Every structure is written in C-alpha cells, then in structure tokens.
Protein chains: 2
Amino acid sequence: MNLKELAAELHLSQTTVSRALNGYPEVSEKTREIVLAAAQRFGYRPSPAARRLATGRAHALGVVFNAERNVLMDPLFVEYLAGVAETSAKQGFDILISPSTPSDEIVTFGRLARDGTVDVVILSAPQTVDARISLLSELKFPFVVHGRPPEPAGISYIDIDNFGAFQQATSFLIQLGHRRIMLINGEEHFTFAQDRSRGAAIAFAAAGLPNDMLDEHFMPMTAENAYRSARQALEREERPTAILCGSILVALGVLRAAAELGLEVPRDLSIIAHDDEMPAFPADQFHPQLTTTRSSIRAAGTRVAEMALARVAGQKPGTVAEVWPVQLIVRGSTAAAPERG
Amino acid sequence: MNLKELAAELHLSQTTVSRALNGYPEVSEKTREIVLAAAQRFGYRPSPAARRLATGRAHALGVVFNAERNVLMDPLFVEYLAGVAETSAKQGFDILISPSTPSDEIVTFGRLARDGTVDVVILSAPQTVDARISLLSELKFPFVVHGRPPEPAGISYIDIDNFGAFQQATSFLIQLGHRRIMLINGEEHFTFAQDRSRGAAIAFAAAGLPNDMLDEHFMPMTAENAYRSARQALEREERPTAILCGSILVALGVLRAAAELGLEVPRDLSIIAHDDEMPAFPADQFHPQLTTTRSSIRAAGTRVAEMALARVAGQKPGTVAEVWPVQLIVRGSTAAAPERG
DNA sequence: CTCAACGTTCAAAGCGCTTTGGAGGCTTCG
DNA sequence: CGAAGCCTCCAAAGCGCTTTGAACGTTGAG
C-alpha cells in the first residue's frame with residue numbers, strides 16, 4: 001500500500017496524509033488521528049527510496065570499512081559497530097558499510113559524499129595527516145570523528161584521553177621503581193599513538209628521568225607483532241622490567257613472549273595494557289589478571305552515532321569535542337620492579 | 001550534473017543517454033562512445049536514489065547485525081564482513097547493516113524485506129529452528145545462508161564441513177590413544193554445533209567406543225566460558241586427556257585452565273581447535289602451536305556475497321549448496337595420550 | 001455587511017532515473 | 001517503386017514521496 005492508495009482510502013489528498021504522518025502543523029488533530037489510525041491499520045510504510053529522492057536525505061549513516069586496516073586492528077570493530085548500530089537504529093537510521101582498501105579509501109569517501117547514499121559519515125582512527133578529513137571538509141560534507149583529529153577546530157569528535165591514560169600508567173610504573181620501560185604502541189601515523197607516546201614521555205620528564213629509558217615501538221597492534229618485539233627486547237641483557245601495551249591483543253603477545261623466556265609476570269615483568277573492553281577478551285580473565293587503562297569502545301560507538309545524527313539534524317560541526325577520561329585499573333600484572341641483578 | 005543536463009549537453013534524449021550508459025543494445029556504438037566519454041568528462045554519476053525508485057532495486061545487500069549475538073560470538077564477524085564487503089564492492093553493491101537485538105531480530109528482517117532497502121539478505125549462523133528462514137521464505141524475499149539451514153531444500157547456502165572436521169579431529173585423537181575426550185561446542189540450537197556434535201559421535205561409534213566417553217558441553221564460545229568448563233573438567237579425578245575446541249577463543253580459555261592447573265600441553269592434555277582464520281589470532285602463534293581444523297571464514301564471506309548477488313541477478317534459490325572441506329592441520333598441541341595413572 | 005485573516009485542505013509540480021510505445025530514416029526485397 | 005523491416009532515437013509516462021502555491025470555508029474585526 002502506498003501513499004496514494006491510503007489517501008484515496010481516506011478521501012483525502014496525498015498532501016494531507018503525508019503531512020499528517022510527518023507531524024506537520026497545518027493539519028487538524030482530528031484528521032491526523034484518523035490518518036495515523038488508518039496507516040496503522042493498513043500497515044502503511046512509506047517507501048524509503050521515494051522519500052529519499054524527494055527529500056534528498058538518505059536517512060542513513062556511513063561507516064567506511066577499511067578491510068585491511070580493520071582486520072589488523074580489531075575485533076574491536078565489532079564492538080564499536082555494535083555501539084553505533086544501537087543508537088542509529090533507535091532513530092531509524094540505516095548504517096551503510098562501504099568497504100575499501102587503503103588505496104581507494106579516499107575515493108570511497110568521495111563517492112559517499114557525492115552520491116547522497118548517506119547523510120553523514122563517521123570516521124575512525126584519524127591520522128596525523130588525514131586526507132579523508134581534508135576531502136570531507138572541502139566537500140562540506142557532514143562528518144564526525146571517532147578519535148582526535150590532527151586539527152580539531154571546527155570538527156565534532158569524541159576521543160578518549162589517550163594522553164592521560166598513558167601518562168598515568170607510565171607514572172605508576174615509575175613509582176613502582178621501573179626504569180627500563182617498553183612501550184608497544186600503534187602505528188606512528190595515528191593520532192592516538194602520538195598522544196600515547198606524548199603521555200609516556202611526559203611521565204618520564206615529570207619524574208626527572210631521561211626519556212631514552214623509554215623504549216618505544218610503533219607497529220600494527222597484533223598479538224604476533226607484539227610477541228616478536230617483546231621477545232626481542234626481553235632477550236636483551238638490559239631487558240625492560242615493564243611493558244606498556246597498546247591493546248589487549250598486544251598484551252597477549254607479550255605474555256606469550258614472557259612465558260617462553262621463563263619470565264614470570266608480575267615478578268620479573270610488569271604489564272599494563274590499554275583495554276577497550278572487548279567482551280571476548282576480558283582483561284580480568286587473563287592469568288595474571290591484567291592491569292589496564294580502561295575505556296569502553298562500545299560506549300564511544302553509541303556516542304559517536306549520536307553526534308552523527310545530531311549533525312544531520314543541523315548541529316554545527318565542532319559543537320562536540322569530548323575527551324573521555326580513562327581509568328587506571330590495577331590488577332595482578334604489575335608489581336614493584338625486580339631488584340637490580 | 002544529472003541525466004537531463006547531460007542529455008541536453010549532448011543534444012540527445014534522456015532515453016538514449018540512459019541506455020547508452022547502461023549498456024542497452026538499441027543504441028549505436030558511435031553514440032555510446034560519445035555518451036560514455038561525455039559522462040566521464042563531466043563526472044556524471046547517476047543518482048542511486050532515483051535509480052532505486054525507478055527500478056525498485058536497491059543495489060544493496062543486507063546483513064542483520066545481531067549485536068548481542070555477534071559480540072559474544074565473534075571477532076570473526078569482522079573477518080566475515082570483510083569478505084562480504086570485498087565482493088559486493090566490486091559489483092557496486094552497498095552493504096546495509098541492520099542492527100537488532102535477539103528479540104526484535106525477526107521484525108528487523110521483516111522490515112528489510114518489505115521496505116525495499118535491500119535486494120537480498122544474508123543470514124548467518126542458522127539455527128535448528130529458524131524463524132528468520134521461515135519468514136523470508138514466506139515473504140518470498142531473496143536470501144542466502146551462511147551455514148547449514150535446518151531444511152536445506154530450495155535454499156542457497158554455503159557451509160563448511162563441520163561434521164567431517166570434527167569427525168576427523170576426533171578420530172585423530174582416538175588414534176592417539178585418547179579415550180576421555182571433552183568437546184566444548186557452541187550453543188546447541190545452532191546447526192553447526194549439531195553437525196560438530198554428530199561428527200564427534202560418529203568417530204566414537206566408528207572406533208567401537210561407547211560415546212559416554214565423549215564429554216560434550218554446549219555454550220557461547222567465549223574464552224571465559226571455555227575456561228570455566230575446562231577448569232572444572234580438568235580438576236576431576238577422571239579428567240579428559242584431550243579437548244576439542246569450537247574456536248580459537250575457546251582454545252585460549254582451555255590453555256589458561258590447563259596452565260593454572262599445571263598441566264602441560266600436549267604432554268598432559270591434547271588440544272584441537274577449529275580455526276576460522278582470524279588474523280588477530282593465528283593458531284600458529286600460540287604456545288604450543290595449535291592443532292586445528294581450518295577453514296577461512298573470510299573466503300566464506302566472499303562466496304556468500306557472490307551467491308547473494310547471483311540471487312539478485314535472478315538465480316533460483318537452492319541452486320548453490322556448497323560444503324567446503326575442512327583441513328586438519330596437525331601442530332604441536334596434540335600428542336599421544338598420557339599413560340594411565 | 002465586507003474584507004482580511006486564518007485554519008485546513010488540495011492539485012500539481014517536482015526529485016532523477018527507467019522504460020514503454022512510437023516515430024523517423026534507411027535498407028532490403030518482392 | 002512501394003511496403004516491410006530494421007536500426008536509432010525520442011517523448012512521455014511513471015516510480016512514491018515531499019512541497020509549493022492556491023483554494024476553500026470559517027471567523028472576527030471594522
């Protein structure tokens with residue numbers, strides 16, 4: 001059943017019926033009720049395609065799915081998507097996943113923006129030089145960012161306090177007597193990796209320690225990469241006594257390296273990992289339970305979707321710039337630094 | 001630039017231009033070339049919304065994202081989605097993710113089918129009694145299944161040989177002298193769990209062993225659940241000497257349980273896990289490296305997307321019914337059963 | 001009593017594309 | 001030479017909705 005038929009059924013014009021259904025004021029309450037009742041009764045559902053054509057708004061929100069990056073980075077993505085999905089569903093917005101390879105990612109964004117298949121896009125994991133942001137800004141296409149844009153002015157974003165988290169974690173380790181600390185960070189070109197790096201550096205500076213005691217490594221945060229780096233570092237004479245891990249997966253690799261070398265955590269090695277709360281890998285289910293800096297990526301997903309929808313509803317870009325605190329949760333993977341041998 | 005303008009520019013009718021662009025035969029090669037060149041030059045891109053309205057086809061493929069289920073089940077989902085995304089992108093199909101909770105999942109499917117926002121839906125993890133399949137069949141809405149439908153007749157699906165995989169794995173363990181074998185399976189209502197169960201049972205029967213030696217547990221396949229079950233079982237007097245794991249995550253939990261109890265793998269306990277090839281957790285990066293039954297969930301994703309697109313292109317349902325073989329890869333987590341104590 | 005103003009409703013014109021039913025020109029064949 | 005047939009192309013009618021501009025009755029002020 002379409003609008004025309006419904007209108008005919010009611011002996012009203014399409015105009016009136018349309019307006020009644022969409023809550024416009026220029027229709028009397030009595031008629032509105034009748035129309036709504038009839039719509040209900042006939043199970044009328046407006047055609048999204050027609051509405052889209054007529055209004056020019058897609059009622060959809062775009063997420064670019066960079067297959068390679070996501071597969072590397074995250075089981076996190078599911079959790080994040082769940083958050084996005086949740087709120088957007090509430091508002092009846094569809095979520096369009098546009099696949100892309102790193103190379104044609106920018107093309108994909110361009111297409112999304114011009115095609116009108118979505119009204120707004122969500123952009124994750126911004127980089128220090130981010131062509132996607134430049135492009136969308138230039139096209140004046142609505143977007144919001146999950147993570148810290150390199151130049152946040154005039155951009156709505158939400159991020160967790162990566163800087164604070166790693167500063168706090170590093171300070172904590174220093175207080176425990178650790179001096180040779182390894183940081184297994186994400187790839188250098190991501191802003192979150194930079195923030196974490198700065199956080200750790202500041203903690204060293206604040207303690208009056210030379211920052212060459214911080215052994216920092218940038219890499220895609222997989223368990224395997226982490227394993228390799230950790231193993232190599234732990235085999236050295238002057239091995240680190242603590243390792244800061246960019247994610248739970250990284251911690252997994254580090255734990256394996258330590259186990260293989262007969263090092264006991266936390267006696268011989270302290271570990272702190274950042275935890276985005278993947279339900280599949282609860283930090284407290286490890287052995288030993290992991291000390292973490294915790295923030296919920298799912299909550300971030302819901303919030304970023306809200307922002308995206310607000311943006312569609314007309315909210316100015318740059319209105320929202322939230323930085324969520326990150327909590328240091330001390331569990332069993334950290335201890336005082338071992339005595340000098 | 002829209003079709004009308006392009007046509008005017010070329011001094012041709014919209015009809016001709018449209019046909020030229022869409023490869024219809026009733027337009028001369030010469031004109032077609034001119035049109036294509038002009039379209040290229042002006043950067044003309046047809047409006048998806050208009051096309052959708054005119055043709056009634058959405059050029060999109062639906063994946064229902066059951067937040068709760070997916071979050072529990074899988075980091076796999078990302079990998080799967082990557083596969084789907086890959087092929088659908090090639091054909092210019094969008095992917096629409098429809099979130100749902102378990103309770104309104106069926107409503108979501110109904111809406112998708114009736115709204116015309118997608119042309120076909122992909123359905124994963126079919127259950128022994130599956131309301132989604134019933135609904136879509138009844139509505140005569142095109143769909144394809146990833147996994148084994150309870151009643152496969154007239155349904156296009158692709159599945160891996162869960163039965164064969166677990167039969168093979170179980171037989172292998174029996175040959176190694178294991179008798180008390182534990183199976184940590186997925187939830188009972190999934191067809192894949194049933195198939196795996198049957199596979200293991202048949203292996204016992206074939207070896208002339210009573211099947212009460214198979215200690216089978218059904219549960220959501222998280223590391224934590226697995227840890228709990230494994231720990232409990234391994235603490236018993238008559239503990240299992242081998243554990244079959246439904247996924248790599250399950251193996252992770254089992255490994256932890258074994259480590260905590262001081263059991264060495266594979267000396268005291270053999271482990272075989274099913275491996276869907278999550279890049280984040282390569283089975284050969286565990287310690288010890290895991291013996292697995294392997295199949296690529298990503299490849300399955302690409303294939304199922306192909307099927308979905310073929311279905312849209314008019315292929316009859318039930319045309320495709322592929323069951324992919326699963327390979328047993330023997331690595332370091334399996335060994336001969338320990339001597340009777 | 002007249003006219004302006006208001007509250008409701010409507011007819012019709014899009015939105016940008018596809019597709020039906022011809023129309024015109026050119027070739028071919030009886 | 002004329003009719004049939006083919007190849008190209010076109011005008012116009014939708015697809016199902018929103019939205020503009022106008023019309024209609026009713027009311028209230030002057």
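None of these values were measured; they are calculated from a predicted model. Numbered from 1 within each chain, the chains take letters A, B, ... in sequence-line order.
In this model, the phosphate group of D/dC10 is approached by a side-chain N or O of B/T16 to a distance below 4.0 Å at OP1 or OP2. Residue B/S47 places none of its side-chain N or O atoms closer than 4.0 Å to OP1 or OP2 of C/dC17. One finds a side-chain N or O of B/S28 lying less than 4.0 angstrom from the OP1 or OP2 phosphate oxygen of D/dC9. For C/dT9, one of the phosphate oxygens OP1 or OP2 lies less than 4.0 angstrom from a side-chain nitrogen or oxygen of A/T31.
In this structure, A/L21 places its CG atom 12 Å from C1' of D/dT18, rounding to the nearest Å. For A/E26 and D/dT19, the CD to C1' distance is 10 Å, given to the nearest whole Å. The separation between A/H11 atom NE2 and C/dC10 atom P is 11 Å, rounded to whole Å. For the pair B/R57 CZ and C/dT19 C1', the interatomic distance rounds to 14 Å; values are reported in whole Å. Atom CZ of B/R52 is separated from atom C1' of D/dC17 by 15 Å (rounded to the nearest Å). Distance, B/Y24 OH to C/dC17 P: 15 Å, rounded to whole Å. One atom, CG of B/D115, and another, C1' of D/dC17, lie 14 Å apart when rounded to the nearest Å. Rounded to whole Å, atom P of D/dA13 lies 14 Å from atom CD of B/Q14.
A donor atom on one side chain and an acceptor atom on the other are not found under 3.5 Å apart for B/S137 and B/S134.
Map A/M1 and B/L12 each onto its nearest nucleotide of DNA chain D; the residue landing nearer the 5' end is B/L12. Closest-nucleotide positions on DNA chain D for B/P25 and A/K4 were compared, and the one nearer the 5' end corresponds to B/P25.
Between C/dG21, D/dC17, C/dC17, one nucleotide has an atom nearer to the side chain of B/R19 than all others, and that is C/dG21. Of the listed nucleotides (D/dC17, C/dC10, C/dT18), C/dT18 has the atom at the smallest distance from the side chain of B/R51. Nearest to the side-chain atoms of A/V27 among the listed nucleotides D/dG16, C/dT9, C/dC17 stands C/dT9. Proximity note for B/A50 (side chain, C-beta onward) versus D/dC17, C/dC10, C/dC17: the nearest is C/dC17. In this structure, of D/dG16, C/dT20, C/dC10, it is D/dG16 that holds the atom nearest to the side chain of B/L53. Residue A/N2 has its side chain nearest to D/dG16 when only D/dT18, D/dG16, D/dG14 are considered.
Taking the charged nitrogens against the carboxylate oxygens, B/E277 and B/R298 have no contact shorter than 4.0 Å, which rules out a salt bridge.
Taking only distance into account, the side chain of A/T15 meets the base of D/dT19 through a donor-acceptor pair shorter than 3.5 Å.
Below 30°, between 30° and 60°, or above 60°: for A/F77 and A/Y80 the angle between ring planes is between 30° and 60°, a tilted geometry.
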Take A/S18 and A/T15 through the side chain to side chain donor-acceptor pair (under 3.5 Å) test and state the conclusion after the steps. CA-CA 5 Å; A/S18 171; A/T15 311; over 6 Å; no
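Other residues, nucleotides and ligands place no more than 12 heavy atoms under 6.0 Å from the CD atom of A/E151.
Not less than 6.0 angstrom separates the ring centroid of A/F42 from the ring centroid of A/Y44.
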